[in-house]
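Some notes on the structure that comes next.
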2 protein chains.
Amino acid sequence: MARCTVRYEGRLEAVLPEADRLIMVKADGCVAIHADSGAYKPLNWMNSPNTLVEGVGEWVVTNPKGERLVITMHNVLSETNHSLGMEPGLEKDGVEAQLQVLLSERTDAIQAGMTLVRREYPTDIGPVDLLCKDIDGVTVAVEIKRRGDIDGVEQLTRYLHELNRDARIAPVRGMYVAQEIKAQARTLAERRGIVCVEVDYDELRDRPSNVLRLF
Amino acid sequence: MARCTVRYEGRLEAVLPEADRLIMVKADGCVAIHADSGAYKPLNWMNSPNTLVEGVGEWVVTNPKGERLVITMHNVLSETNHSLGMEPGLEKDGVEAQLQVLLSERTDAIQAGMTLVRREYPTDIGPVDLLCKDIDGVTVAVEIKRRGDIDGVEQLTRYLHELNRDARIAPVRGMYVAQEIKAQARTLAERRGIVCVEVDYDELRDRPSNVLRLF
DNA sequence: GTGTATATCTCGGGG
DNA sequence: CCCCGAGGTATACAC
């Protein structure tokens, strides 16, 4: 904790006038300067890899990209050191990747009779979440989001345009699947002939897989 | 600093197994749990507004949205308290807002003879950065970015579609202005008839304004 | 390394 | 309050 002035020169120029703040230096060398409010982003920071040089009343942090963070210490209020050891890391559940795996094994939850061709189907402009065939044998590109916003519709539209240039699979239609689809996104999607489906994560988890198993 | 286990239930479910970590509580009540590496994002956190209840060996943080963070304290290594007082805040220079102001007064730096109609021109789907008229009197929608990525092209395309529905100003053409325009973005933009212009921030600042002044 | 998509994004502004 | 856009976004992952 210290009364300090901070100057950053890099992707932009920024100055923090003199005030009391928390200065956090982690084992990997990264530096973060926190005020007493405003989670969780620091006022100013420098990511690792970098070099910290402690001078007289001044810390200079530089990184290989040529960015520079200068902390001028006017008054050090307190200093605490701890070595924390191994971090096992955060275990998550419920993000888009999980939703994608669940849906890839339950494509009939998106639309009755639909089967999976491939998850993360690659194209020149990025991977399509799910490529499927519907009950009539028509190819369907499925974009999956936790929150269905407008940018997901744009993304799917780009994929559809790309996929429909491939005569082997065209025509391809689009489906937009999310736990919640925003009104604006739905309007834009439907105007483009994209079918929107909202799914419930918990229901989905309880629903049996429709993938044929060999044993 | 404490040996702790953390559980978050909210927008997703997440667990942090037992380990030593830094637990930061700010004046506004927000909580952040940091490991000794990985700038600057905490492993787990809870933003204000929230309520922190300190129980026996357990802190429970809840917020009005129904999210919940439970910190089980196995061993408190140290505790430090400071009141930091007022934060004057970060002063920035060089971001898009500044670029927009500079360009709005120097529209002829985008294209010779172009004049400003309005900055932040409002539409039903959001504000257009600059609405201008070119030397031939044709309306031009200008999208400004620091880095010209593909999403800026999509954004401008939506604005153009919207603006061209207005018979009073149609036809409207688009210009994409950035300090650096990515190849993919340029290709997509030009395919849609959008003219791309790269500008230099420092040169722009030195260039005189083309806005007519009354005195 | 570049490019693309995600994030409990955070943060700020406008309706 | 939500929606939308910007960010020194950071971060993970595929090519």
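Just so we're on the same page: letters track the sequence lines, and every chain starts at 1.
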Inset, instruction - Report the distance from atom CD of B:Gln184 to atom P of C:dT2, rounded to the nearest whole Å. - result: 12 Å
Inset, instruction - Quickly work out the B:Arg119 CZ to D:dG5 P distance and round it to whole Å. - result: 17 Å
Legend entry - B:Arg168 bridged to B:Asp166 by N-O distance under 4.0 Å: yes
Inset, instruction - In whole angstrom, give the distance that lies between atom CG of B:Asp151 and atom C1' of D:dA6. - result: 10 Å
Legend entry - Sugar-phosphate only, base, or nothing, as touched by A:Glu9 at under 4.0 Å among non-hydrogen atoms: nothing
Legend entry - B:Gln155 side-chain N/O to D:dC4 phosphate OP1/OP2 under 4.0 Å: no
Inset, instruction - Mind calculating the distance between CD (A:Glu67) and P (D:dG7) to the nearest angstrom? - result: 15 Å
Inset, instruction - Tell me what A:Leu90 touches on the nucleic acid: a base, only sugar-phosphate, or nothing, going by heavy atoms under 4.0 Å. - result: base
Legend entry - P-based separation of D:dG8 from D:dC4 [nearest Å]: 22 Å
Inset, instruction - Kindly point out which of D:dG8, D:dA6, C:dT6 is positioned nearest to the side chain of A:Glu143? - result: C:dT6
Legend entry - Closest-nucleotide ordering on DNA chain D, the 5'-leading residue of A:Asn63 and A:Pro122: A:Asn63
Legend entry - Ion pair A:Asp108/A:Arg207, N-O distance below 4.0 Å: yes
Inset, instruction - May I ask you to verify if any side-chain N or O of B:Trp45 is less than 4.0 angstrom from the OP1 or OP2 atom of C:dC9? - result: no
Legend entry - Distance in angstrom units between B:Glu154 CD and D:dG5 P, rounded: 12 Å
Inset, instruction - Answer with base, sugar-phosphate or nothing: what part of the nucleic acid does B:Tyr159 contact at a heavy-atom distance below 4.0 Å? - result: sugar-phosphate
Legend entry - Side-chain N or O of B:Arg11 closer than 4.0 Å to phosphate OP1/OP2 of C:dA7: no
Legend entry - A:Lys145, nearest nucleotide to its side chain (from D:dG8, D:dC4, C:dT6): C:dT6
Inset, instruction - Return the nearest nucleotide to the side chain of A:Leu12; candidates are D:dG8, C:dT10, C:dG3. - result: D:dG8
Inset, instruction - Evaluate whether the aromatic ring of A:Tyr8 and the six-membered ring of the D:dG8 base sit under 5.5 Å apart, centre to centre, with an inclination under 30°. - result: yes
Legend entry - Same-atom distance (P) from D:dT11 to C:dC11, integer angstrom: 15 Å
Inset, instruction - Decide, yes or no, whether a salt bridge links B:Arg118 with B:Glu120 under the criterion of side-chain N to carboxylate O below 4.0 Å. - result: no
Inset, instruction - Would you indicate, yes or no, if D:dG8 has its OP1 or OP2 atom less than 4.0 angstrom from a side-chain nitrogen or oxygen of A:Arg68? - result: no
Inset, instruction - Can you tell me the distance, in whole Å, between the NZ atom of B:Lys41 and the C1' atom of D:dG7? - result: 14 Å
Inset, instruction - Please state how far atom CG in A:Asp129 lies from atom P in D:dC13, giving the value in whole angstrom units. - result: 15 Å
Inset, instruction - Would you classify A:Arg158 as touching base, sugar-phosphate or nothing, given that sugar-phosphate means primed atoms plus P, OP1 and OP2, and contacts are heavy atoms under 4.0 Å? - result: sugar-phosphate
Inset, instruction - Work out which heavy atom in A:Gln155 is nearest to a heavy atom in A:Glu143; give both atom names and the distance. - result: NE2-OE2, 3.5 Å
Inset, instruction - Look at all strands and tell whether A:Met46 reaches a base, only sugar-phosphate, or nothing, counting heavy atoms closer than 4.0 Å. - result: base
Inset, instruction - Answer with base, sugar-phosphate or nothing: what part of the nucleic acid does A:Glu120 contact at a heavy-atom distance below 4.0 Å? - result: nothing
Legend entry - Candidates C:dC9, D:dC15, C:dA5 - which lies nearest the side chain of A:Arg146: C:dC9
Inset, instruction - Would you mind telling me which residue lines up with the more 5' stretch of DNA chain C, A:Pro127 or B:Asn47, judged by nearest nucleotide? - result: A:Pro127
Inset, instruction - Let me see the working for B:Ser83 and A:Asp36 under side-chain hydrogen bond (donor to acceptor under 3.5 Å, both in side chains), right down to the final yes or no. - result: CA-CA 8 Å; B:Ser83 187; A:Asp36 207 358; 5.0 Å; no
Inset, instruction - Give a yes or no on whether a salt bridge exists between A:Glu203 and A:Arg106, defined as a side-chain N under 4.0 angstrom from a carboxylate O. - result: no
Legend entry - Result of checking A:Thr115, A:Thr139, A:Thr107 against A:Lys133 for side chain to side chain donor-acceptor pair (under 3.5 Å): A:Thr139
Inset, instruction - Mind calculating the distance between OH (B:Tyr40) and P (D:dG8) to the nearest angstrom? - result: 8 Å
